[in-house]
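Notes to accompany the following structure.
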There are 2 protein chains.
Amino acid sequence: MASPGSGFWSFGSEDGSGDPENSGTARAWCQVAQKFTGGIGNKLCALLYGDAEKPAESGGSQPLRTTSRKAACACNQKPCSCPKAEVNYAFLHATDLLPACDGERPTLAFLQDVMDILLQYVVKSFDRSTKVIDFHYPNELLQEYNWELADQPQNLEEILMHCQTTLKYAIKTGHPRYFNQLSTGLDMVGLAADWLTSTANTNMFTYEIAPVFVLLEYVTLKKMREIIGWPGGSGDGIFSPGGAISNMYAMLIARFKMFPEVKEKGMAAIPKLIAFTSEHSHFSLKKGAAALGIGTDSVILIKCDERGKMIPSDLERRILEAKQKGFVPFLVSATAGTTVYGAFDPLLAVADICKKYKIWMHVDAAWGGGLLMSRKHKWKLSGVERANSVTWNPHKMMGVPLQCSALLVREEGLMQSCNQMHASYLFQQDKHYDLSYDTGDKALQCGRHVDVFKLWLMWRAKGTTGFEAHIDKCLELAEYLYNIIKNREGYEMVFDGKPQHTNVCFWYVPPSLRVLDNNEERMSRLSKVAPVIKARMMEYGTTMVSYQPLGDKVNFFRMVISNPAATHQDIDFLIEEIERLGQDL
Amino acid sequence: MASPGSGFWSFGSEDGSGDPENSGTARAWCQVAQKFTGGIGNKLCALLYGDAEKPAESGGSQPLRTTSRKAACACNQKPCSCPKAEVNYAFLHATDLLPACDGERPTLAFLQDVMDILLQYVVKSFDRSTKVIDFHYPNELLQEYNWELADQPQNLEEILMHCQTTLKYAIKTGHPRYFNQLSTGLDMVGLAADWLTSTANTNMFTYEIAPVFVLLEYVTLKKMREIIGWPGGSGDGIFSPGGAISNMYAMLIARFKMFPEVKEKGMAAIPKLIAFTSEHSHFSLKKGAAALGIGTDSVILIKCDERGKMIPSDLERRILEAKQKGFVPFLVSATAGTTVYGAFDPLLAVADICKKYKIWMHVDAAWGGGLLMSRKHKWKLSGVERANSVTWNPHKMMGVPLQCSALLVREEGLMQSCNQMHASYLFQQDKHYDLSYDTGDKALQCGRHVDVFKLWLMWRAKGTTGFEAHIDKCLELAEYLYNIIKNREGYEMVFDGKPQHTNVCFWYVPPSLRVLDNNEERMSRLSKVAPVIKARMMEYGTTMVSYQPLGDKVNFFRMVISNPAATHQDIDFLIEEIERLGQDL
């Protein structure tokens, strides 16, 4: 049994700096503990030495691990069986791990040591005294390490170091001050579920090889459809690799619904189709149209009001215009939660228009779908129940680890008809169980990653009310930010009024620009402010928030809050940091 | 510090059945150990009690965990601070974990306990005395458990039990006797890398938020292109969510290369396109054509020889036929490793034809690409270096955890031109680093899962030579199987000659059918044999292998070997098991 690994707590037993009340006894136990596998010994020691539990600042742990591991044993048997020796990873390779004969012990030690590295990273992710990012330019990172792939294997010590190095330069996406994307935060139950998913290492195409996951997908999609408001949760759906693909699915199915012959005969056999979406909608609508052979010119961008909401009268006007040209309007994609402004298109008005002209109504609620979990905010999606399809990404506002995007479809069976190819080697018709649980033939993909388990397990752990609390809190934080900056010197809001989602869009105007007239020169200088502040943020590593231009508006900050770790203090910090980094510009 | 969890080793300390030499001392240490977090205490105890390390047979561990956890403490403080008390998960919820205040301790305990469950599963996965699957019919599974999602949260004890239940009914895809899919096996380094990927929880679209992963994708794709044989590894590529999507990318790029106006104007603006692939090729080619608006009728299936290889003369004939009709041949997709037969199309002959008629040559090497790592077998892909694009799925023959599929493209920049939409909120042009590392705008997806790290880390751990050894071994096992059954009573080969890949296709003919003439009745009865044997295999849970009909050939077994855990004895076992389960039919 004697082959303990060296966890990240190991420096505690190295330097002996702890001073617990009964350190003598602790030291004795610690020596005993060194007999055991999987980093346990070092953890025990570190716990006994109290302060050692606190992870070192970045960069500190790696040399210590290495030292600890190398110092323990000087023999070169593999694995070493010297009394009290550690697992000497320098003499172990992947071939020594399971399924190797006698691979169980080194495997458990190795995986436990990896886990220790991950746990250290998790703890540091939530520590405000650590950096969000230890930024290096691409050429620096490429030069600093040898990342190349070679003919010969590396030993497991090197593999563990690669894990540490990779995490050293990673963005801490769970850090309380990481606001850069719509997907932020690191949920502990979701993380555990994703580890389990990796361990189960299977594929969603059939019940045969993913029985539980297929059932959980069924249960979860049904629940999501109930929340959307489709009677009895009936309908169809799938978890797809991201919102862009979910939107592409919607476009594909809408086209098939109207012209099923397109599947065999292609676009040449059907009239010219036109899709409509707002000028603030996600670029994936155009990307999808390009891919599906519809063409980006056939995606008409409808005007938005000053808050970024689609203007229904413009939608109707453009539909009529298309019809007059002899084209066939086949899809309106309304957005519930636009990427930049967080705007919600008026779904009820859009639904009326779609009904009137018999057009497939899709709602891209990739970002805003989460608000359906909140009794306080779900009214913003009123009308979503009238959609034919909905994109909803739990990996955004609901904090599920990446990726987790659902496409929900109101009509059952349509996805199957649209996409099935009857591959007999996969979807045998004479199998011994109910084939309706095989999901593969309704997907565009063949193999499909298991994305449902993390959402399902988080839902069990939080309950709908837990998601609701998270969402309400994020919205409240956005309002808090809005209230602070709306009248604060040096800030200009991109649009008026309190945010509907957690998007808060604003310019920070440095003192030197405040005195200028609102002319081209000022705009030109203002456009350079956000990029410089952002670059400084990343170099300091203190926080991260996104910026972009939009239409005629020069670069502005788009703050979004989906991070469950964020607090009022982190919002305050963001403001102070923007001012600290931007006041000289 | 006092709040140890309860690992799967815990039953050792419960029943005290171990009998180590110095059990008195062990017991004392064990009591001490109970003070510590993260399942450590129980692990220590179990290790001291020797035999407890061996996992219980299926179903045994769950009640014991529960008992152990509940018995420890009767107070209802959360978390309990009683001396020697365990973490009482029954009183803990997701809200007690990080980023909660004081969440570090319960988080580490919880994640460690999840890890213990996963480690138990990993060890059992490789244990031939455990079942590959504990099969239940969908309605049984739905009735046996309540999988529904509710308003209220569940406690962490329930969450841990869900993890156990989910794995109890999972397929052990790493089990040495799991041969059901092209992707089998569970690589320990790959698994560790996938856990790390989950923990880093980021997105591939920009260097900004995935610096290391973006660089590793660059390095790894370049290496794969070098192995394909493109000079200096130049070209382009992406990791996509599976081979079907990779093939769709190829079709999309080929179309764009010939008619770039299709991006804006759609299929209506260009001539009728025709794609060619063999009748044994993967169904994703047709699926892609349906999605891209080309239509399945425009995918011409080329005849194969008796070994499943595309016949070049038939390809040329069909190209000429299409051209005579005024259609435009734009893509030939040759297959390197067909799904059922494992056949390699004659790539050099196909390349000559593509060159002659100026057609994009794609090679779907999703399954066969791995053979490029083997000096002994790579000749089977001779000519792949002349392809314009290649699909290569390391999650198949190379044993990388799901998903890991690469599309490699010879011409650089084409993917970007084809797919870019210039979303300014994501791909800001005034960022402070080299924007060529932002990969998002060349993808169909917006968010993209990190699929590269597991492949990269495995490659470092195995070296190219490690992949080669794995592939050579799998091919050798396939030949071993072929040699056993080719002349064995009761077996008929679907095609003659030794396998080119690890696919071995055969009928098992039960004694009752051996005496029948080769007529329709025999065929009809033979078609039912494989499904029944397969159903029995799953009910016993002893092994899993796929079957299917193909063309005029009734259901036959398709054995494939990509599982690194499989040995000659497992092949022997498979044969014995087929005979045991099928002899009465």
Side-chain angles (χ1 to χ4, degrees), chain A residues 1 94 97-99 114 118 126 138 147 149 151-154 159 166 169-170 173 188-189 192 194-195 198-201 209 212 219 223 241-242 244 263-267 283 290 293-297 401 403 421 423-425 430 432 437 445-447 449 459-461 463-464 531 535 548 565, chain B residues 47 94 97-99 114 118 126 138 147 149 151-154 159 166 169-171 173 188-189 192 194-195 198-201 212 219 223 241-242 244 263-267 283 290 293-297 401 403 421 423-425 430 432 437 445-447 449 459-461 463-464 531 535 548 565:
Chain A
M1 290 297 139
L97 303 177
L98 285 171
V114 170
L118 301 184
F126 293 104
W147 309 98
L149 298 166
D151 286 348
Q152 296 306 315
Q154 293 193 297
I159 296 305
T166 300
Y169 297 112
T173 54
M188 293 299 105
V189 173
D194 217 23
W195 289 346
S198 301
T199 311
N201 192 35
I209 68 160
V212 178
V219 165
K223 181 75 178 179
K263 183 176 177 180
E264 286 84 29
K265 308 210 171 299
M267 289 295 290
F283 67 91
I294 294 166
T296 54
D297 288 352
Q403 286 183 325
M421 293 290 153
S424 61
Y425 75 89
D430 42 17
H432 59 123
Y437 289 97
Q445 301 168 262
C446 173
H449 190 259
W459 208 320
R460 296 286 276 213
T464 309
Q548 68 286 296
Chain B
L47 291 166
L97 303 177
L98 286 172
V114 169
L118 301 184
F126 293 104
W147 309 98
L149 298 166
D151 287 348
Q152 296 307 315
Q154 293 193 298
I159 296 306
T166 300
Y169 297 112
I171 308 285
T173 54
M188 293 298 104
V189 173
D194 217 23
W195 289 346
S198 301
T199 310
N201 192 34
V212 177
V219 165
K223 181 76 177 179
K263 182 176 177 180
E264 286 84 29
K265 308 210 172 298
M267 289 295 290
F283 68 91
I294 294 166
T296 54
D297 289 352
Q403 288 183 326
M421 294 291 153
S424 62
Y425 74 90
D430 43 16
H432 59 124
Y437 289 97
Q445 301 168 263
C446 173
H449 190 259
W459 207 321
R460 295 287 276 214
T464 309
Q548 68 285 299

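Note: hydrogens, waters and symmetry copies are ignored here, and every other heavy atom, side chains too, is used. Per chain, numbering begins at 1; letters A, B, ... match sequence-line order.
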Using a 3.5 Å distance criterion without hydrogens, assess whether the side chain of Q154(B) forms a donor-acceptor pair with backbone atoms of I159(B).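 Checked: no pair found.
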Main-chain N/O of P241(B) paired to Q445(A) side chain as donor or acceptor, under 3.5 Å: yes
Looking at [options], which one has more heavy-atom pairs under 4.5 Å with chain B than the rest?
{"options": "V212(A), L149(A), I294(A)", "result": "L149(A)"}
{"options": "V219(A), T199(A), D194(A)", "result": "T199(A)"}
{"options": "G295(A), G447(A), P531(A)", "result": "G295(A)"}
{"options": "F283(A), Y169(A), Y437(A), W195(A)", "result": "W195(A)"}
{"options": "P401(A), A170(A), C446(A)", "result": "C446(A)"}
{"options": "A290(A), G242(A), S198(A)", "result": "S198(A)"}

Can you tell which part of K223(B) gets under 4.5 Å to a heavy atom of chain A, answering side chain, backbone, both or neither? side chain
Quick one: of [options], who has the most non-hydrogen atom pairs under 4.5 Å with chain A?
{"options": "H449(B), H432(B), R460(B), Q152(B)", "result": "R460(B)"}
{"options": "M421(B), M188(B), Q548(B)", "result": "M421(B)"}
{"options": "D151(B), V189(B), I171(B), L97(B)", "result": "D151(B)"}

Per-residue contact mode, K265(A) against chain B (heavy atom under 4.5 angstrom): both
With a 4.5 Å cut-off on side-chain heavy atoms, are T173(B) and I209(A) touching?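 Side-chain contact under 4.5 Å: no.
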For a quick test of reading the model, state the closest non-hydrogen atom pair linking P153(B) to A461(A) and the distance between them.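 Between these two residues, the closest heavy atoms are CB-O, 3.1 Å.
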